[in-house]
Visitor: 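There's a structure below that I have some questions on.
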Amino acid sequence: MSGKERAEISPGGLFDWGRRTFIMGVLNVTPDSFSDGGLYLEPGAALARARQMVDEGADLIDVGGESTRPGFARVGVEEELARVLPVIRALASELPVPLSVDTSKAKVAAAALEAGASIVNDVSSLSDPDMIPVVARAGAGLVIMHNQAEAVYRDLVEDITGFLRDAAARVEKGGVRPDRIILDPGFGFAKTVEHNLEVVRRLGEFRRLGKPLLLGPSRKSTIGHVLSLPPDQRVEGTASLVAIAVAGGADMVRVHDVKEMVRVVRMADAVVRPSTMKVVPGATSVWRRICLRGLRLEGCHGVFPEEKQQVQPFFVDVDLELGQHREGPADSLRATVDYTDVCRSVAEVVRKGPGEGYDLIETLAEAIASKLLRDFPLMGVVVRVHKPEAPLGGFFEDLFVEVRRGVG
Ligand code: HH2
């Protein structure tokens, strides 16, 4: 598979959210960014830095051609394109991770998406009226970040929540797929030091927005203010904020110091998301997952009396986390899970006759997950139950529920 193919967004959404915290590596192709300005302006240096970040564990690379620091110099469309396009083109054909473009200009976003980026990261609160249609047409992802003219709030968290909720609704109405939206409360944008600290302290409150959360505290001046240190000495301060963000439920962090923050995030994830605990990266270990899609079974499940009496089809997807193995485990069925047994276990739960079924597919999915965890030596399991003939009185493509269970 080429890097380009692997870099595309998966059909189910941007990332497998909830499994762990993802790392967005910052690549500023600018002369004036506050912490790395001028370092990667030359395309060769930008490519080398992107490769290094991917080797260090970045899950995507955010390419920006205009600094957004307070008082930044605005760049024209042509200049911004000249900075980011050669880099995006080269990275898209080579890197095995998606690329985002950090821009507030719809023209730059359109060209970057055409060149191989798959996400737009707009820190300007969608100030360009063409941005939403550009993202929608491309089927791309969109980071919506909170930003406003002044650091004045009635209630900081309520105001940011309302802003992000309204923006997400507007973006969805404009045709951007709901599962391609990421929300960011905008650490360092129109906020005082106290505001920024409060955003991190209360990050968990933004989870009620029901979308993946991104936070970008890396090397920012709030850290400089607290520790009295310049940008190149803010790695520990960044680490502290990143760890607290993970504890608050961040799904992704935008960072410059990828190697260090990958370690911070893995450690914090081990505490916060126990199912990732056994994931220790290293050349001599492999992490195995078995995925089964669309297992068709029939049963009498549903809240309506007729559903309790008549069988209808259900489709079940399962992801079985087998945990970590040393490289080169025995090539034997004993060293893994027998798929036939998995199908049998799932079928036992789903195949219920008249009067025996569950009311809710949520409960059905939970029962399948519990049985799989009981029957097999798993680190975790994801179960999705689709009910394509649910009596909803209208046309729909699919209806499903998903449950995730981990051991520990
Ligand atoms: N911060 C910066 C730029 N883009 N995007 C999101 N979604 N969230 C952020 O917090 C964020 C962002 C500013 O950081 P940096 O790119 O390092 O600096 P500069 O704007 O000076 O290039």
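What's counted below: heavy atoms across the whole structure, side chains too, no hydrogens, waters or symmetry copies. One-based numbering, in listed order, for ligands and for the atoms of each. Note that the structure is a prediction, hence the values are computed from the model and not measured.
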Visitor: Does ligand 1 have a heavy atom under 4.0 Å from the side chain of Thr30, from its backbone, from both, or from neither?
Guide: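 No part of Thr30 comes within reach of ligand 1.
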Visitor: Just say parallel, tilted or perpendicular for the rings of Phe22 and Phe15, cut-offs at 30° and 60°.
Guide: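 Correct class here is tilted.
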Visitor: Check contact between His256 and ligand 1, using heavy atoms of the residue and a distance below 4.0 angstrom.
Guide: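 Contact present.
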Visitor: Answer yes if the side chains of His195 and Thr192 hold a donor-acceptor pair under 3.5 Å, and no otherwise.
Guide: yes
Visitor: Would you mind running through ligand 1 and noting each atom that sits below 4.0 Å from a heavy atom of Val143?
Guide: 7 (N)
Visitor: At what distance, to the nearest 0.5 angstrom, does CG of Asp128 lie from NZ of Lys107?
Guide: 8.5 Å
Visitor: Give me the nearest non-hydrogen protein atom to atom 6 (C) of ligand 1 as residue plus atom name, then the distance to 0.1 Å.
Guide: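 Among all protein heavy atoms, the one nearest atom 6 (C) of ligand 1 is Asp184 OD2, 3.1 Å.
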Visitor: Find all atoms of ligand 1 within a distance of less than 4.0 Å from any non-hydrogen atom belonging to Leu214, and give their numbers and elements.
Guide: 7 (N)
Visitor: Quick one: nearest non-hydrogen protein atom to atom 21 (O) of ligand 1, plus distance?
Guide: Ser67 OG, 2.7 Å
Visitor: Starting from atom 4 (N) of ligand 1, which protein heavy atom do you reach first, and at what distance in Å?
Guide: Asp102 OD2, 2.8 Å
Visitor: Quick one: which ligand 1 atoms are inside 4.0 Å of a heavy atom on Ser33?
Guide: 19 (P), 21 (O), 22 (O)
Visitor: Minimum distance, heavy atoms only, to atom 10 (O) of ligand 1: which one of Met145, Lys220, His146 is it?
Guide: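 Shortest heavy-atom distance from atom 10 (O) of ligand 1: Lys220.
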Visitor: Can you report which non-hydrogen protein atom sits closest to atom 18 (O) of ligand 1, along with the distance?
Guide: Phe34 CD2, 3.2 Å
Visitor: Is a donor from one side chain sitting under 3.5 angstrom from an acceptor on the other, for Ser100 and Asp62?
Guide: yes
Visitor: With respect to atom 14 (O) of ligand 1, which of Met24, Glu66, Arg254, Arg219 exhibits the smallest heavy-atom separation?
Guide: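 Answer by nearest heavy atom: Arg254.
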Visitor: Enumerate the atoms of ligand 1 whose separation from the nearest heavy atom of Gly216 is less than 4.0 angstrom.
Guide: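 So the answer, numbered in order with elements, is 10 (O).
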Visitor: Answer yes or no: are there more than 12 heavy-atom neighbours, outside Lys308 itself, under 6.0 Å from its atom NZ?
Guide: yes
Visitor: I'd like to check whether Asn121 has a polar contact with ligand 1, where a contact means an N/O of the residue lying under 3.5 Å from an N/O of the ligand.
Guide: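 Yes, Asn121 has an N/O under 3.5 Å of an N/O on ligand 1.
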Visitor: For the residue pair His256 and Phe34, does the interplanar ring angle fall in the parallel (under 30°), tilted (30 to 60°) or perpendicular (over 60°) class?
Guide: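 His256 vs Phe34 ring planes: perpendicular.
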Visitor: With a sphere of 6.0 Å drawn around CZ of Arg207, does it hold more than 12 non-hydrogen atoms of other residues, nucleotides or ligands?
Guide: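 Not more than 12 within 6.0 Å, no.
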Visitor: Record the part of Thr68 in heavy-atom contact with ligand 1 below 4.0 Å; permitted values are side chain, backbone, both and neither.
Guide: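 Contact part for Thr68 vs ligand 1: both backbone and side chain.
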Visitor: With heavy-atom distances below 4.0 Å as the criterion, list the atoms of ligand 1 near Asn28.
Guide: 15 (P), 16 (O), 17 (O), 18 (O), 22 (O)
Visitor: Look up atom CG in Leu292 and atom CD1 in Ile290, then write down how far apart they are to the nearest 0.5 Å.
Guide: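 Atom-to-atom, Leu292:CG and Ile290:CD1 are 9.5 Å apart.
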Visitor: Ignoring hydrogens and angles, state whether a donor on the side chain of Thr340 or Asp338 is under 3.5 Å from an acceptor on the partner side chain.
Guide: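 Distance-only check passes for Thr340 and Asp338.
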Visitor: If you measure from the Lys or Arg side-chain nitrogens to the Asp or Glu carboxylate oxygens, is any gap between Arg208 and Glu158 under 4.0 Å?
Guide: yes
